[in-house]
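One-based numbering, in listed order, for ligands and for the atoms of each. Owing to the predicted nature of the structure, the values given are computational and were not obtained by experimental measurement.
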Amino acid sequence: MELKEAIRKRRSIRLFDKTKKVTDAQLRELFELTSLSPSAYNLQPWKFIVVRDEKRKGVLRACGNNQAQVEDASAVIIVLAKLNPSEDVDEIISDRDKKGYFPSSEIKQNYIKIMKEIDTNEEIKAWAIKNAYLASATLMLAATDMGLATCPIEGFNPDCVIKNFRIPSNYFPTLLITLGYQLPDAKIPERLARKTFEKTVDFEQFRKKQA
Ligand SMILES: Cc1cc2nc3c(=O)[nH]c(=O)nc-3n(C[C@H](O)[C@H](O)[C@H](O)COP(=O)(O)O)c2cc1C
């Protein structure tokens, strides 16, 4: 499938075939593709918990406004934003260094300084969440390409997830993604309208008047 086709095909699917399971090999491929997402400084401030156990999915459903899709999907992915990314700086810098990304040691030292200070930024949570959302978009498109269905879910209680899934304080659960196979006879309603090119795209500067 071409990427353009996957983008056009992806829909938020809420009716899952409970009998069809996503395999370990599929999950591995899905997360390998997801790992290729862009991230600030390549810090990849995310982590994913794949929930497949029926009981645990029940707990997650209760945390997720009782949305049935959470139990019906083969797996639910808890997307976590990492709030202390500076922990990974040495590893990331060493890779970058080995591959000749730093034209001088001064630039390298500057880079390290900025990256090490990232945790102290009061916007760290928002910063980590935007990176995790980009990875989530990649994940959903990759899943579509693999013939799998997904739905992003923001309607859940993070504290409930933190409590029931042993999430440490340096991670924040920012999104759930249901994953599985679409119910074969499910009637998927027509795609919701999208804002037009004219409404959403300006050139050179913000237009004063909306057309
Ligand atoms: C950040 C975010 C949160 C969402 N939360 C929910 C949710 O809690 N439950 C749900 O059923 N769909 C949720 N959705 C799916 C949207 O309703 C859906 O993407 C939108 O209506 C467009 O439909 P489409 O994804 O099929 O193109 C969410 C989507 C996003 C991006």
- Step through the shown structure and confirm whether more than 12 heavy atoms of other residues, nucleotides or ligands are within 6.0 Å of CZ on R28. no
- Scan side-chain atoms only and decide if S39 and Q44 contain a donor-acceptor pair under the 3.5 Å cut-off. no
- Item | R96 versus N42, side-chain donor and acceptor atoms under 3.5 Å | no
- With side chains defined as the heavy atoms from C-beta onward, is the minimum distance between V76 and R61 less than 4.5 Å? no
- If we only count heavy atoms from C-beta on, is the D119 to P85 side-chain gap below 4.5 Å? yes
Give the atoms of ligand 1, by number and element, whose distance to some non-hydrogen atom of [X] is under 4.0 Å.
{"X": "Q69", "value": "10 (C), 11 (O)"}
{"X": "C151", "value": "10 (C), 11 (O), 12 (N)"}
{"X": "G155", "value": "8 (O)"}
{"X": "R191", "value": "27 (O)"}
{"X": "R11", "value": "26 (O)"}
{"X": "Y133", "value": "1 (C)"}

Nearest non-hydrogen protein atom, [atom]:
{"atom": "atom 27 (O) of ligand 1", "value": "R194 NH2, 2.7 Å"}
{"atom": "atom 26 (O) of ligand 1", "value": "S12 N, 2.7 Å"}
{"atom": "atom 6 (C) of ligand 1", "value": "P152 O, 3.1 Å"}
{"atom": "atom 9 (N) of ligand 1", "value": "Q67 OE1, 2.9 Å"}

- Could you pull out, from E154, R14, M140, the option with a heavy atom nearest to atom 2 (C) of ligand 1? E154
- Item | Per atom 7 (C) of ligand 1, closest listed option by heavy atom (T174, I153, I188) | I153
- Message: In terms of relative ring orientation, are Y41 and Y111 parallel, tilted or perpendicular, with 30° and 60° separating the classes?
- Response: perpendicular
- Query: Rounded to the nearest 0.5 Å, how far does CD of E29 lie from CG of D24?
  - Reply: 13.5 Å
- Hey, is K57 close enough to E54 for a salt bridge, meaning N to O under 4.0 Å? yes
- Would you call E71 and K18 a salt bridge, using N to O less than 4.0 angstrom?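 Answer for the salt bridge query: no.
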- Message: At under 4.0 Å between heavy atoms, is it the side chain or the backbone of L192 that contacts ligand 1, or both, or neither?
- Response: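 It is the side chain that gets close, since no backbone atom is under 4.0 Å.
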- Item | F156 and ligand 1 - part of the residue with a heavy-atom distance under 4.0 Å | neither
- Task: Measure from atom 18 (C) of ligand 1 to the protein's non-hydrogen atoms and state whether any distance is below 4.0 Å.
- Result: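 Protein heavy atoms within 4.0 Å of atom 18 (C) of ligand 1 - there is at least one.
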- Query: Do N84 and E87 pass the side-chain hydrogen bond (donor to acceptor under 3.5 Å, both in side chains) test, and can you show the C-alpha distance, the side-chain angles, and the key distance before you say yes or no?
  - Reply: CA-CA 6 Å; N84 64 332; E87 188 179 81; 3.3 Å; yes
- Query: So is there a nitrogen or oxygen of L175 less than 3.5 Å from a nitrogen or oxygen in ligand 1?
  - Reply: no
